[in-house]
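This report concerns only the one structure given below.
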There are 2 protein chains.
Amino acid sequence: MARTRGITIKDVARRAGVSITAVSHALNDKGTLSAATREHIRAVAEQMGYEADALARGLRRSPMGAVGLVLRSLDALGDYAPAGVDVFERFVGAAASQALARGLSLMLVPDLTRPPVPPLAFSLDGYIVTNPHVDDPVVARLEERGIPYVTYGRPPGRPEFTHWASEDDRASARLVLAHLEGAGARSVALVRGTDPNAWNLEHQDVYLGWCEERGSTPRLYELPERAGVEGGTALAGRLVDDGLPDAVFCLTGRHAAGVQRGLVARGVRVPERTMVVTGSDSEHARNSRPAISALELNPVDSSAALLDILQSLIAGRPADAPRLTRARFRPRGSTRR
Amino acid sequence: MARTRGITIKDVARRAGVSITAVSHALNDKGTLSAATREHIRAVAEQMGYEADALARGLRRSPMGAVGLVLRSLDALGDYAPAGVDVFERFVGAAASQALARGLSLMLVPDLTRPPVPPLAFSLDGYIVTNPHVDDPVVARLEERGIPYVTYGRPPGRPEFTHWASEDDRASARLVLAHLEGAGARSVALVRGTDPNAWNLEHQDVYLGWCEERGSTPRLYELPERAGVEGGTALAGRLVDDGLPDAVFCLTGRHAAGVQRGLVARGVRVPERTMVVTGSDSEHARNSRPAISALELNPVDSSAALLDILQSLIAGRPADAPRLTRARFRPRGSTRR
DNA sequence: GTGAAAGCGCTAACAC
DNA sequence: GTGTTAGCGCTTTCAC
């Protein structure tokens, strides 16, 4: 299966009876060729099925037509396909489809700071980094290299950085809390993850503000993302011991599923005694009994926005950023009273 | 945001006080350098944080550390993110995770035959092509270029080609039919898609054989994949008109959801009068009432197998192929009698 | 053992 | 208007 090389610019030049420069210029709309030559060269190239080699072209630092995607939350998890968690797959799917629609390819790249670094990594035109955390080394690396990037979720601790898009986490959090309040909840516990990303931080922030406004004591629990369903189940014990709240708001779907299972196992009636809701819809949330009310992210709009911004950056244009998209709230049995 | 170039081989050579060649050889275990020089050069390179530029390297046709993924079924659909269809997302997620685990990056590439072809497309080390159909032009293109590739699903009409992996479709089909028979079905209709890929063809083949063995008249319906749920609903009318079978086996999840909805709307009781089952689990299947029994593909094992084969091909080793993985059958309400 | 030098395919100064 | 030429960063002969 020897790799045959494709038709090169040289072949086209020879065939068209011109220099390689002429070909390069004709095909890239550069230089000052006569319309006739240009047209002729184009015809020949087309007819020969010529396609410029991206590598050689990239060597001269022209765009590659491909952007990278780094999933920081999965890097952190150390597992790129956690069972039942479909937010990332959905995001990858959406981002890929949006990229393809814009004529860009999407390359999935692992943690850029841990060797071996994928060879092409620093040759891509730009990057989407999802859920960067405080002082994210991947972001630092891109910054260092001067590679354009956008982030899915505001990079925490960097108020000056605007090239991000995400669902409006603050609005989402308020939506959920209002829903719980409307269903009669007075005391709400928040279960967040431990990654210091905007997702965790902004929900927490809104939650604390909400508690303060109402004069209720915040009940904040931190559970590592990787603790999964089991972690949630275990946490249910603590919730009971600390005194049952009217509702539990778990940011991750697996925690919510675990917490609900743990509560039910301890005889707590959901939603009658305590409601459960999650900030991130997942198979687990949908398949729990009762089904768990959830925020459904908006990967399509978010990845479209991110690619818009990224394309502007790559082209050196000012970008319309940040951009907020809207998550949908899906009320289900776990909060239906 | 000027792109800063990284440290080049030249920098390392100068710093180590050797030639460029020496650096190249030391870092690639080529040539005949003394152990001492080799070690010294390596130390300097490491200390400088040198990383070879993949582009320049690729120009000389060495591996890029990246493989492409082409989703033929989505190319055909013309939509890279059809709502509720998660098999592809799951496959992408699984393939990405398996690739990353092997130190490879995964690049999602659209139809390689429709311009504009993504620039890097022909520079990748190899390809995974999902669900190629008869005389697939993408496959032809890769073949032409001598680029190693594997297919998810046997390429139909090419018995000599072995570099593929997939769930064992024939076994899956038998599993489903046996399940239906066990639940009392005598007459079963098969609803397949129109893409001439192995998935459609092999299920059909087993189905026809099964009918023949039992002396029952086959009832075969073809429905374009893109007809979606609505197509299924419409088909339900035909099923009723043609005389209700005891069970309907729809290969795609959306067709199954539509068929069941259409049947129920016409007063047919599922599963009592007619059972419904699908060959491809999806959100639609799970969320239908009753939930639809389904085959759940095995993207994790399948993509792992594909990457094993692909890595062998790239390395020029003989590959252990084809490889069959096992789908799981999920019995649900739609076949529970 | 080591290094000079010739490309890989392309782009962009700069001559002509 | 058009072509010559010098690289981009790297690998790989092939002299020394």
Side-chain angles (χ1 to χ4, degrees), chain A residues 2-42 44-45 48-65 117 119-123 125 145-146, chain B residues 2-42 44-45 48-65 117 119-123 125 145-146:
Chain A
R3 198 122 174 173
T4 38
R5 29 182 27 87
I7 297 127
T8 77
I9 195 171
K10 222 186 256 172
D11 302 328
V12 179
R14 185 166 28 222
R15 190 83 121 67
V18 295
S19 73
I20 51 173
T21 315
V23 179
S24 174
H25 281 176
L27 267 30
N28 297 302
D29 265 326
K30 298 267 168 79
T32 55
L33 290 180
S34 69
T37 337
R38 208 177 284 272
E39 209 30 70
H40 172 230
I41 294 174
R42 283 206 181 130
V44 173
M48 295 178 76
Y50 168 74
E51 266 155 32
D53 182 305
L55 260 39
R57 185 175 255 171
L59 204 48
R60 309 295 276 146
R61 298 284 170 265
S62 16
M64 306 291 303
V117 179
L120 276 174
F122 297 114
S123 309
D125 296 340
R145 286 289 198 126
Chain B
R3 199 121 172 173
T4 32
R5 23 182 34 83
I7 297 129
T8 77
I9 196 173
K10 220 185 259 174
D11 302 329
V12 179
R14 186 165 29 221
R15 190 83 120 68
V18 294
S19 73
I20 298 184
T21 318
V23 178
S24 174
H25 282 175
L27 267 32
N28 298 302
D29 264 326
K30 297 265 168 80
T32 55
L33 290 180
S34 67
T37 338
R38 209 176 282 274
E39 209 30 70
H40 172 229
I41 294 175
R42 284 206 180 128
V44 172
M48 293 178 78
Y50 169 74
E51 266 154 35
D53 181 306
L55 260 38
R57 180 174 260 172
L59 204 47
R60 310 294 270 145
R61 298 284 169 264
S62 14
M64 307 291 301
V117 179
L120 276 174
F122 296 114
S123 309
D125 296 340
R145 288 291 197 122

Donor-acceptor contact present, side-chain B:Asp53 to main-chain B:Leu55, <3.5 Å: yes

For C:dG9, take OP1 and OP2 only and decide whether either is under 4.0 Å from a side-chain N or O of A:Arg57. no

Protein-nucleotide distance (B:Asp53, atom CG; C:dC8, atom P), rounded to Å: 18 Å

Identify whether any heavy atom of B:Thr32 sits under 4.0 Å from a base atom; if not, whether one sits that close to sugar-phosphate; answer base, sugar-phosphate or nothing. base

For the base of D:dT11, is there a side-chain donor-acceptor partner from B:Thr21 under 3.5 Å away? no

Side-chain N or O of A:Lys10 less than 4.0 angstrom from OP1 or OP2 on C:dC8? yes

Give, for atom CG of A:Leu33 and atom CZ of A:Arg42, the distance between the pair rounded to the nearest 0.5 Å. 9.5 Å

In whole angstroms, how far is the P atom of D:dC8 from the CE atom of A:Met64? 18 Å

Using heavy atoms to find the nearest nucleotide of DNA chain D for B:Ala56 and B:Lys30 separately, return the residue whose nucleotide is more 5′. B:Ala56

Between A:Asp11 and A:Thr8, is there a donor-acceptor pair closer than 3.5 Å when you use the side chain of the first and the backbone of the second? yes

Under-4.0 Å side-chain N/O to phosphate OP1/OP2 contact, A:Ser24 with C:dA12: no

Test A:Glu51 against A:Ile7 for side chain to side chain contact (heavy atoms under 4.5 Å, CB included), laying out the working first. CA-CA 7 Å; A:Glu51 266 155 32; A:Ile7 297 127; over 6 Å; no

Separation of D:dG9 C1' from B:Asp11 CG (nearest whole Å): 10 Å

Using atom CD1 of B:Ile41 as one end and atom P of D:dT11 as the other, report the distance to the nearest whole Å. 13 Å

Atom NE2 of A:His25 and atom P of C:dT11: how far apart are they, to the nearest Å? 9 Å

Once rounded to the nearest 0.5 Å, what's the spacing between atom OG of A:Ser19 and atom NZ of A:Lys10? 13.0 Å

In whole angstrom, what separates B:Leu55's CG from D:dG9's C1'? 9 Å

Side-chain N or O of A:Thr37 closer than 4.0 Å to phosphate OP1/OP2 of D:dT2: yes

Atom-pair distance (CD1 on A:Ile20; P on C:dG9), nearest Å: 11 Å

Look at the side-chain N and O atoms of A:Ser34 and state whether any lies under 4.0 Å from the OP1 or OP2 oxygen of D:dT2. yes

Nearest-Å distance for atom pair CZ/C1', residues B:Arg38 and C:dG3: 15 Å

